[in-house]
Peer 1: 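Input: one structure, supplied below.
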Amino acid sequence: MPKKLSSEQWEVVCRRIFMSWGAPDDIAGCVARSLVGADLAGVSSHGVMRIPSYHRFLRAGWLDPAARPQVIRDAPASAMVESHWGFGQVAFWEAVELAISKSRQGGIAGIGVTHAGHAGRLGEYVEYAAANGVIAIVMVSNGRPGGPLAPYGGAQRVLGTNPIAAGAPAGALPPFVMDFATSTVAAGKLELVRGQAIPEGWALNVAGGPAVNADDYFAGGALLPFGGHKGYGLALLVELLSGGLTGAGITERPGETSTQGAGGNPGFVIALDISHYTEPADYTAAVEAFFTRLHGVTPTPNSGGVLIPGELEARERAKRRVEGIEASDVVWNSILEVAGEHDVSLDDMI
(Lines give C-alpha, C1' and ligand atoms only; values in the text may rest on other atoms or scores of the structure.)
Protein backbone atom coordinates (compact mmCIF):
# COMPACT_ATOMS: atom_id res chain seq x y z
CA MET A 1 0.00 0.00 0.00
CA PRO A 2 1.13 3.60 -0.54
CA LYS A 3 2.84 5.15 2.48
CA LYS A 4 1.57 8.46 3.87
CA LEU A 5 3.58 10.41 6.44
CA SER A 6 3.63 13.99 7.62
CA SER A 7 6.29 16.30 6.21
CA GLU A 8 8.04 16.23 9.60
CA GLN A 9 8.14 12.43 9.56
CA TRP A 10 9.51 12.34 6.04
CA GLU A 11 12.27 14.74 7.09
CA VAL A 12 13.21 12.36 9.90
CA VAL A 13 13.35 9.46 7.42
CA CYS A 14 15.62 11.42 5.08
CA ARG A 15 17.89 12.67 7.87
CA ARG A 16 18.44 9.20 9.31
CA ILE A 17 19.31 7.75 5.92
CA PHE A 18 21.65 10.53 4.81
CA MET A 19 23.44 10.60 8.16
CA SER A 20 23.97 6.84 7.87
CA TRP A 21 25.89 7.60 4.68
CA GLY A 22 28.20 9.96 6.55
CA ALA A 23 26.43 13.28 6.03
CA PRO A 24 26.70 15.69 8.99
CA ASP A 25 23.40 16.66 10.61
CA ASP A 26 23.21 20.10 8.95
CA ILE A 27 23.86 18.71 5.48
CA ALA A 28 21.40 15.85 5.99
CA GLY A 29 18.81 18.38 7.16
CA CYS A 30 19.34 20.62 4.15
CA VAL A 31 18.79 17.78 1.69
CA ALA A 32 15.87 16.39 3.69
CA ARG A 33 14.09 19.77 3.61
CA SER A 34 14.70 20.03 -0.12
CA LEU A 35 13.23 16.62 -0.96
CA VAL A 36 10.26 16.97 1.38
CA GLY A 37 9.71 20.53 0.18
CA ALA A 38 9.44 19.25 -3.39
CA ASP A 39 6.85 16.69 -2.34
CA LEU A 40 4.92 19.35 -0.44
CA ALA A 41 4.82 21.45 -3.61
CA GLY A 42 3.50 18.48 -5.57
CA VAL A 43 6.75 17.98 -7.49
CA SER A 44 7.17 14.33 -6.55
CA SER A 45 9.79 13.71 -9.24
CA HIS A 46 12.20 15.69 -7.02
CA GLY A 47 10.91 14.46 -3.69
CA VAL A 48 11.66 11.49 -1.45
CA MET A 49 11.59 9.16 -4.46
CA ARG A 50 15.09 10.54 -5.12
CA ILE A 51 16.56 8.72 -2.11
CA PRO A 52 17.26 5.47 -4.02
CA SER A 53 18.84 7.35 -6.94
CA TYR A 54 21.05 9.32 -4.54
CA HIS A 55 22.03 5.98 -3.04
CA ARG A 56 23.07 4.76 -6.48
CA PHE A 57 25.18 7.91 -6.88
CA LEU A 58 26.79 7.16 -3.52
CA ARG A 59 27.57 3.57 -4.48
CA ALA A 60 29.00 4.64 -7.84
CA GLY A 61 31.33 7.15 -6.18
CA TRP A 62 29.58 10.18 -7.63
CA LEU A 63 28.50 11.60 -4.27
CA ASP A 64 30.44 12.59 -1.15
CA PRO A 65 27.75 13.11 1.53
CA ALA A 66 30.14 14.95 3.87
CA ALA A 67 31.55 17.39 1.31
CA ARG A 68 31.02 21.10 1.88
CA PRO A 69 30.96 23.74 -0.87
CA GLN A 70 33.89 26.12 -1.20
CA VAL A 71 34.04 29.55 -2.84
CA ILE A 72 37.03 29.32 -5.18
CA ARG A 73 36.61 32.64 -7.01
CA ASP A 74 35.16 35.75 -5.45
CA ALA A 75 34.46 39.23 -6.81
CA PRO A 76 31.98 41.99 -5.94
CA ALA A 77 29.30 40.76 -8.36
CA SER A 78 30.36 37.17 -9.03
CA ALA A 79 31.73 33.99 -7.51
CA MET A 80 32.37 30.34 -8.26
CA VAL A 81 31.23 27.64 -5.84
CA GLU A 82 33.07 24.30 -5.91
CA SER A 83 30.91 21.54 -4.45
CA HIS A 84 33.51 18.73 -4.33
CA TRP A 85 30.80 16.28 -5.44
CA GLY A 86 28.73 16.92 -2.34
CA PHE A 87 24.94 17.08 -2.26
CA GLY A 88 23.85 19.63 -4.85
CA GLN A 89 21.28 21.25 -2.58
CA VAL A 90 24.00 22.38 -0.16
CA ALA A 91 26.07 23.97 -2.93
CA PHE A 92 23.11 25.72 -4.53
CA TRP A 93 21.92 27.15 -1.22
CA GLU A 94 25.43 28.55 -0.79
CA ALA A 95 25.26 30.04 -4.29
CA VAL A 96 21.81 31.54 -3.79
CA GLU A 97 22.75 33.15 -0.48
CA LEU A 98 25.90 34.57 -2.09
CA ALA A 99 23.95 35.87 -5.07
CA ILE A 100 21.38 37.61 -2.88
CA SER A 101 24.06 39.16 -0.67
CA LYS A 102 26.11 40.41 -3.61
CA SER A 103 23.06 41.77 -5.43
CA ARG A 104 22.28 43.88 -2.36
CA GLN A 105 25.57 45.68 -2.92
CA GLY A 106 25.62 46.14 -6.70
CA GLY A 107 22.12 45.34 -7.91
CA ILE A 108 23.06 42.17 -9.77
CA ALA A 109 25.17 39.08 -9.16
CA GLY A 110 26.02 35.90 -11.05
CA ILE A 111 27.28 32.79 -9.25
CA GLY A 112 28.51 29.60 -10.89
CA VAL A 113 28.37 26.14 -9.31
CA THR A 114 30.49 23.19 -10.38
CA HIS A 115 31.05 19.55 -9.35
CA ALA A 116 27.75 19.45 -7.49
CA GLY A 117 25.39 16.54 -6.97
CA HIS A 118 21.75 16.67 -8.05
CA ALA A 119 20.47 20.17 -7.31
CA GLY A 120 16.91 19.18 -6.42
CA ARG A 121 13.87 21.32 -7.23
CA LEU A 122 15.11 24.66 -8.53
CA GLY A 123 11.88 26.39 -7.56
CA GLU A 124 12.84 26.27 -3.86
CA TYR A 125 15.79 28.61 -4.45
CA VAL A 126 13.92 31.24 -6.44
CA GLU A 127 10.98 31.14 -3.99
CA TYR A 128 13.41 31.95 -1.20
CA ALA A 129 14.96 34.81 -3.17
CA ALA A 130 11.53 36.24 -3.95
CA ALA A 131 10.59 36.07 -0.27
CA ASN A 132 13.67 38.21 0.36
CA GLY A 133 12.73 40.84 -2.21
CA VAL A 134 15.08 39.61 -4.93
CA ILE A 135 14.36 38.41 -8.47
CA ALA A 136 16.36 35.25 -9.15
CA ILE A 137 17.09 32.89 -12.02
CA VAL A 138 18.60 29.45 -11.38
CA MET A 139 19.56 26.92 -14.04
CA VAL A 140 21.45 23.65 -14.21
CA SER A 141 22.85 21.47 -16.96
CA ASN A 142 23.62 17.78 -16.99
CA GLY A 143 26.34 16.21 -14.87
CA ARG A 144 27.53 13.72 -17.47
CA PRO A 145 28.22 13.43 -21.21
CA GLY A 146 25.37 12.68 -23.52
CA GLY A 147 21.88 12.66 -22.25
CA PRO A 148 19.02 12.36 -21.84
CA LEU A 149 17.69 15.08 -24.22
CA ALA A 150 17.92 14.89 -28.00
CA PRO A 151 18.60 18.14 -29.88
CA TYR A 152 15.80 19.43 -32.11
CA GLY A 153 15.86 17.42 -35.32
CA GLY A 154 18.08 14.72 -33.82
CA ALA A 155 17.47 11.23 -32.45
CA GLN A 156 20.48 10.91 -30.18
CA ARG A 157 20.98 11.85 -26.51
CA VAL A 158 23.24 14.90 -26.18
CA LEU A 159 21.90 17.40 -23.63
CA GLY A 160 20.59 17.27 -20.09
CA THR A 161 17.00 18.22 -19.39
CA ASN A 162 18.62 21.57 -18.45
CA PRO A 163 15.90 23.02 -16.22
CA ILE A 164 15.56 26.72 -15.50
CA ALA A 165 13.64 28.49 -12.73
CA ALA A 166 12.84 32.14 -12.08
CA GLY A 167 11.14 33.81 -9.16
CA ALA A 168 9.87 37.29 -8.36
CA PRO A 169 7.99 38.84 -5.43
CA ALA A 170 4.33 39.68 -5.92
CA GLY A 171 3.34 41.66 -2.86
CA ALA A 172 0.53 40.02 -0.89
CA LEU A 173 0.12 37.32 -3.53
CA PRO A 174 2.25 34.16 -3.78
CA PRO A 175 5.49 34.89 -5.65
CA PHE A 176 5.86 34.23 -9.35
CA VAL A 177 7.74 30.92 -9.62
CA MET A 178 8.56 29.54 -13.06
CA ASP A 179 10.31 26.17 -12.88
CA PHE A 180 10.54 23.67 -15.72
CA ALA A 181 12.85 21.41 -17.66
CA THR A 182 13.61 22.26 -21.27
CA SER A 183 12.46 18.76 -22.19
CA THR A 184 8.74 18.23 -22.75
CA VAL A 185 8.74 16.16 -19.57
CA ALA A 186 11.34 15.64 -16.85
CA ALA A 187 13.03 12.24 -16.72
CA GLY A 188 11.87 11.90 -13.11
CA LYS A 189 8.25 12.03 -14.26
CA LEU A 190 8.86 9.11 -16.62
CA GLU A 191 10.19 7.19 -13.63
CA LEU A 192 6.78 7.63 -12.06
CA VAL A 193 4.93 6.16 -15.07
CA ARG A 194 7.17 3.21 -15.99
CA GLY A 195 5.16 0.56 -17.81
CA GLN A 196 2.50 3.07 -18.80
CA ALA A 197 1.60 4.72 -22.11
CA ILE A 198 2.90 8.26 -22.64
CA PRO A 199 1.76 11.01 -25.03
CA GLU A 200 3.49 11.42 -28.38
CA GLY A 201 6.06 14.20 -28.24
CA TRP A 202 7.46 13.29 -24.83
CA ALA A 203 10.24 10.99 -25.99
CA LEU A 204 11.76 8.90 -28.75
CA ASN A 205 12.48 5.17 -28.77
CA VAL A 206 15.92 3.73 -29.48
CA ALA A 207 15.21 3.72 -33.23
CA GLY A 208 14.32 7.43 -33.25
CA GLY A 209 10.59 6.92 -33.56
CA PRO A 210 7.95 8.13 -31.11
CA ALA A 211 8.07 6.43 -27.70
CA VAL A 212 4.64 4.99 -26.93
CA ASN A 213 5.38 4.11 -23.31
CA ALA A 214 7.89 5.13 -20.66
CA ASP A 215 9.89 1.92 -21.06
CA ASP A 216 10.70 2.88 -24.66
CA TYR A 217 12.66 5.79 -23.28
CA PHE A 218 14.46 3.74 -20.62
CA ALA A 219 15.43 1.17 -23.26
CA GLY A 220 17.77 3.65 -24.95
CA GLY A 221 15.44 6.33 -26.20
CA ALA A 222 15.71 10.09 -25.71
CA LEU A 223 13.61 12.92 -24.33
CA LEU A 224 12.38 15.65 -26.68
CA PRO A 225 12.67 19.42 -26.12
CA PHE A 226 9.41 21.23 -25.42
CA GLY A 227 8.16 23.49 -28.19
CA GLY A 228 10.59 22.03 -30.71
CA HIS A 229 13.31 24.50 -31.62
CA LYS A 230 12.28 26.89 -28.81
CA GLY A 231 12.94 24.45 -25.98
CA TYR A 232 16.09 23.33 -27.77
CA GLY A 233 17.38 26.90 -27.93
CA LEU A 234 16.69 27.41 -24.23
CA ALA A 235 18.45 24.11 -23.41
CA LEU A 236 21.52 25.37 -25.27
CA LEU A 237 21.47 28.66 -23.35
CA VAL A 238 21.39 26.78 -20.05
CA GLU A 239 24.29 24.61 -21.23
CA LEU A 240 26.37 27.61 -22.25
CA LEU A 241 25.93 29.28 -18.86
CA SER A 242 25.94 26.25 -16.55
CA GLY A 243 28.52 24.20 -18.40
CA GLY A 244 30.47 26.72 -20.45
CA LEU A 245 30.71 29.81 -18.28
CA THR A 246 31.46 27.84 -15.12
CA GLY A 247 34.18 25.79 -16.79
CA ALA A 248 32.37 22.56 -15.90
CA GLY A 249 32.30 21.61 -19.57
CA ILE A 250 29.66 21.68 -22.28
CA THR A 251 28.13 18.16 -22.19
CA GLU A 252 31.63 16.64 -22.36
CA ARG A 253 33.28 17.23 -18.98
CA PRO A 254 37.03 17.85 -19.36
CA GLY A 255 39.22 15.41 -17.48
CA GLU A 256 36.31 13.20 -16.44
CA THR A 257 35.43 9.65 -17.43
CA SER A 258 32.07 8.77 -18.90
CA THR A 259 30.74 7.96 -15.42
CA GLN A 260 32.17 10.73 -13.26
CA GLY A 261 29.57 13.27 -12.29
CA ALA A 262 26.65 11.22 -13.57
CA GLY A 263 24.65 12.31 -10.55
CA GLY A 264 25.56 15.97 -10.73
CA ASN A 265 24.41 19.39 -11.87
CA PRO A 266 26.74 22.28 -12.71
CA GLY A 267 24.69 25.45 -12.64
CA PHE A 268 24.36 29.21 -12.64
CA VAL A 269 22.49 31.60 -10.35
CA ILE A 270 21.55 35.20 -11.20
CA ALA A 271 20.08 37.60 -8.62
CA LEU A 272 18.63 41.09 -9.11
CA ASP A 273 17.96 43.31 -6.11
CA ILE A 274 14.84 45.33 -6.92
CA SER A 275 15.84 48.35 -4.84
CA HIS A 276 18.72 49.14 -7.23
CA TYR A 277 16.28 49.61 -10.11
CA THR A 278 13.04 50.93 -8.65
CA GLU A 279 11.23 51.34 -5.36
CA PRO A 280 10.41 47.83 -4.12
CA ALA A 281 6.96 48.90 -2.93
CA ASP A 282 6.15 50.34 -6.36
CA TYR A 283 7.37 47.17 -8.04
CA THR A 284 5.38 44.75 -5.89
CA ALA A 285 2.27 46.94 -6.14
CA ALA A 286 2.50 46.90 -9.93
CA VAL A 287 3.07 43.13 -10.03
CA GLU A 288 0.22 42.47 -7.61
CA ALA A 289 -2.14 44.63 -9.67
CA PHE A 290 -1.05 42.88 -12.88
CA PHE A 291 -1.58 39.42 -11.44
CA THR A 292 -4.97 40.48 -10.10
CA ARG A 293 -5.94 41.55 -13.63
CA LEU A 294 -4.80 38.19 -14.97
CA HIS A 295 -6.95 36.43 -12.39
CA GLY A 296 -9.91 38.43 -13.71
CA VAL A 297 -9.51 37.28 -17.32
CA THR A 298 -12.49 35.31 -18.60
CA PRO A 299 -11.52 31.63 -18.36
CA THR A 300 -11.73 29.16 -21.18
CA PRO A 301 -14.26 26.33 -20.71
CA ASN A 302 -13.20 23.84 -18.00
CA SER A 303 -9.87 25.60 -17.36
CA GLY A 304 -10.64 26.69 -13.82
CA GLY A 305 -9.37 30.17 -14.60
CA VAL A 306 -6.00 31.86 -15.03
CA LEU A 307 -3.28 31.02 -12.53
CA ILE A 308 0.12 32.56 -11.98
CA PRO A 309 3.12 30.19 -12.10
CA GLY A 310 3.74 29.10 -8.52
CA GLU A 311 0.12 29.24 -7.33
CA LEU A 312 -0.56 25.54 -7.88
CA GLU A 313 2.50 24.65 -5.82
CA ALA A 314 1.41 27.02 -3.04
CA ARG A 315 -2.05 25.41 -2.95
CA GLU A 316 -0.60 21.91 -2.96
CA ARG A 317 1.81 22.81 -0.15
CA ALA A 318 -1.01 24.05 2.06
CA LYS A 319 -3.03 20.90 1.38
CA ARG A 320 -0.20 18.43 1.96
CA ARG A 321 0.92 20.08 5.18
CA VAL A 322 -2.45 19.05 6.56
CA GLU A 323 -3.07 15.76 4.76
CA GLY A 324 0.50 14.44 4.63
CA ILE A 325 2.70 13.25 1.78
CA GLU A 326 2.04 9.93 0.10
CA ALA A 327 4.71 7.75 -1.52
CA SER A 328 3.84 4.83 -3.74
CA ASP A 329 4.38 1.29 -2.55
CA VAL A 330 7.33 0.96 -4.95
CA VAL A 331 9.00 4.13 -3.67
CA TRP A 332 8.44 3.25 0.00
CA ASN A 333 9.81 -0.27 -0.43
CA SER A 334 12.89 1.06 -2.23
CA ILE A 335 13.47 3.52 0.62
CA LEU A 336 13.13 0.70 3.15
CA GLU A 337 15.67 -1.31 1.17
CA VAL A 338 18.19 1.57 1.23
CA ALA A 339 17.58 2.10 4.95
CA GLY A 340 18.06 -1.59 5.68
CA GLU A 341 21.33 -1.70 3.80
CA HIS A 342 22.69 0.93 6.20
CA ASP A 343 21.05 -0.44 9.35
CA VAL A 344 18.69 2.51 9.62
CA SER A 345 15.59 1.69 11.64
CA LEU A 346 12.29 3.10 10.35
CA ASP A 347 10.11 0.89 12.56
CA ASP A 348 8.51 3.91 14.16
CA MET A 349 7.36 5.06 10.69
CA ILE A 350 5.72 1.77 9.73
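No experiment lies behind these values; they were computed from the predicted model shown.
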Peer 1: Please report the interatomic distance OG(Ser34) to CG(Asp39), rounded to the nearest 0.5 Å.
Peer 2: 10.0 Å
Peer 1: Would you say CD of Gln156 has more than 12 non-hydrogen atoms from neighbouring residues, nucleotides or ligands within 6.0 angstrom?
Peer 2: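 It does not: Gln156 CD has 12 such atoms or fewer within range.
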Peer 1: Taking the side chain as C-beta and beyond, is there a heavy-atom pair between Phe176 and Phe290 under 4.5 Å?
Peer 2: no
Peer 1: Might you work through the side chain to side chain contact (heavy atoms under 4.5 Å, CB included) test for Ile17 and His342, ending with a clear yes or no?
Peer 2: CA-CA 8 Å; Ile17 291 174; His342 292 268; over 6 Å; no
Peer 1: For residues Pro169 and Ile274, report the shortest heavy-atom separation together with the two atoms involved.
Peer 2: CG-CD1, 3.5 Å
Peer 1: How about Tyr283 and Tyr277: are their ring centres within less than 6.0 Å of each other?
Peer 2: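 Aromatic pair excluded; centres sit 6.0 Å or further apart.
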Peer 1: Quick one: pull up CE in Met80 and NE2 in His115 and give me the separation to the nearest 0.5 Å.
Peer 2: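 Met80 CE to His115 NE2: 8.5 Å, rounded to 0.5 Å.
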Peer 1: Say whether, by atom type as modelled, one donor and one acceptor occur between the side chain of Arg16 and the main chain of Ser345 under 3.5 angstrom.
Peer 2: yes
Peer 1: Counting only heavy atoms from other residues, nucleotides and ligands, does the tally under 6.0 Å from CZ of Arg59 exceed 12?
Peer 2: yes
Peer 1: Please report the interatomic distance CG(Asp329) to OG(Ser334), rounded to the nearest 0.5 Å.
Peer 2: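 Result: 9.5 Å between the selected atoms.
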Peer 1: Taking Ala172's backbone N and O only, do any of them form a donor-acceptor pair with Glu288's side chain (distance below 3.5 Å, no angle check)?
Peer 2: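 Looks like yes, one N/O pair under 3.5 Å.
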Peer 1: Got a sec: does the CD of Gln196 have more than 12 other heavy atoms crowding it under 6.0 Å?
Peer 2: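 More than 12 heavy atoms, drawn from other residues, nucleotides or ligands, come within 6.0 Å of this atom.
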Peer 1: Is the shortest heavy-atom distance from the side chain of Ser103 to the side chain of Ile108 under 4.5 Å?
Peer 2: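 With C-beta onward as the side chain, the pair stays apart.
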Peer 1: In plain terms, say whether Glu191 and Arg50 are close enough for a salt bridge, that is, a side-chain N and a carboxylate O under 4.0 Å apart.
Peer 2: no
Peer 1: Within the structure provided, determine whether Leu63 and Trp85 are in side-chain contact (heavy-atom separation under 4.5 Å).
Peer 2: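 No - every pair of side-chain heavy atoms lies 4.5 Å or more apart.
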Peer 1: Within this structure, what is the CZ-CG distance for the pair Phe268 and Leu240, rounded to the nearest 0.5 Å?
Peer 2: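 Between atom CZ of Phe268 and atom CG of Leu240 there are 12.0 Å.
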Peer 1: Could you check if a side-chain atom of Leu98 sits within less than 4.5 angstrom of a side-chain atom of Val81, using non-hydrogen atoms only?
Peer 2: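 Yes - at least one pair of side-chain heavy atoms lies under 4.5 Å apart.
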Peer 1: Is there a side-chain contact between Glu316 and Glu313 (heavy atoms, below 4.5 Å)?
Peer 2: no
Peer 1: For the residue pair Leu223 and Pro148, establish whether any side-chain heavy-atom pair is separated by less than 4.5 Å.
Peer 2: yes
Peer 1: Can you tell me if Asn213 uses its side chain to pair, donor with acceptor, with the backbone of Asp215 under 3.5 Å?
Peer 2: yes
Peer 1: Nearest heavy-atom pair of Ala165 and Gly123: which atoms, and what distance?
Peer 2: CB-N, 4.2 Å
Peer 1: Between CG of Leu236 and CG of Leu159, what distance do you get to the nearest 0.5 Å?
Peer 2: 6.0 Å
Peer 1: Flag yes if more than 12 heavy atoms outside Tyr152 fall under 6.0 Å of its OH atom; otherwise flag no.
Peer 2: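 No - once you tally the heavy atoms of other residues, nucleotides and ligands closer than 6.0 Å, there are 12 at most.
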Peer 1: Can you check whether Phe92 reaches Val113 side chain to side chain, under 4.5 Å on heavy atoms?
Peer 2: yes
Peer 1: Given the rule in the side chain to side chain contact (heavy atoms under 4.5 Å, CB included) test, do Val90 and Ser83 qualify, once you have shown the distances and angles that lead to the verdict?
Peer 2: CA-CA 8 Å; Val90 182; Ser83 181; over 6 Å; no
Peer 1: Using a 6.0 Å cut-off, check whether atom NZ of Lys4 has over 12 heavy atoms from anything other than its own residue.
Peer 2: yes
Peer 1: Has the side chain of Asn162 got a donor or acceptor atom that lies under 3.5 Å from a matching backbone atom of Ala235?
Peer 2: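 Looks like yes, one N/O pair under 3.5 Å.
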Peer 1: For the residue pair Leu122 and Ala119, what are the closest heavy atoms and their distance?
Peer 2: CD2-CB, 4.1 Å
Peer 1: Do the side-chain N and O atoms of His46 and Glu124 include a donor-acceptor pair separated by under 3.5 angstrom?
Peer 2: no
Peer 1: So do the side chains of Leu149 and Pro225 get within less than 4.5 Å of each other, counting heavy atoms only?
Peer 2: yes
Peer 1: Any sub-3.5 Å donor-acceptor pair from Arg320's side-chain atoms to Ala41's backbone N or O?
Peer 2: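 Checked: no pair found.
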Peer 1: Let me know which of Leu35, Leu58, Val344 forms a side chain to side chain contact (heavy atoms under 4.5 Å, CB included) with Phe18.
Peer 2: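 Of the listed residues Leu35, Leu58, Val344, the side chain to side chain contact (heavy atoms under 4.5 Å, CB included) partner of Phe18 is Leu35.
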Peer 1: Is Gln70 atom CD crowded by more than 12 heavy atoms from other residues, nucleotides or ligands, each under 6.0 Å away?
Peer 2: yes
Peer 1: If I take atom CG from residue Leu40 and atom OG from residue Ser7, how far apart are they, to the nearest 0.5 angstrom?
Peer 2: 5.0 Å
Peer 1: Please answer whether the main-chain N or O of Thr114 pairs with a side-chain N or O of Thr246 as donor and acceptor at a distance below 3.5 Å.
Peer 2: no
Peer 1: Where is the tightest heavy-atom contact between Ala129 and Ala136, given as atom of each residue plus distance?
Peer 2: CB-CB, 3.5 Å
Peer 1: For Glu239, does its backbone N or O pair with a side-chain atom of Ser242 as donor and acceptor, under 3.5 Å?
Peer 2: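 Here the side-chain-to-backbone pair does not exist.
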Peer 1: For Ala28 and Met19, work out which heavy atoms get closest and say how close.
Peer 2: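 The pair with the smallest heavy-atom distance is CB-CG, 3.5 Å.
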Peer 1: Is the distance from the ring center of Trp93 to that of Tyr128 below 6.0 Å?
Peer 2: yes
Peer 1: Please confirm whether the backbone N or O of Leu224 pairs with a side-chain atom of Thr184, one donor and one acceptor, at under 3.5 Å?
Peer 2: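 At least one qualifying donor-acceptor pair exists.
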Peer 1: Donor-acceptor check, side chain of Asn265 to backbone of Val140, threshold 3.5 angstrom: yes or no?
Peer 2: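 Here the side-chain-to-backbone pair does not exist.
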Peer 1: Is a side-chain donor or acceptor of Lys3 paired with a backbone partner of Met349 at a separation under 3.5 angstrom?
Peer 2: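 Here the side-chain-to-backbone pair exists.
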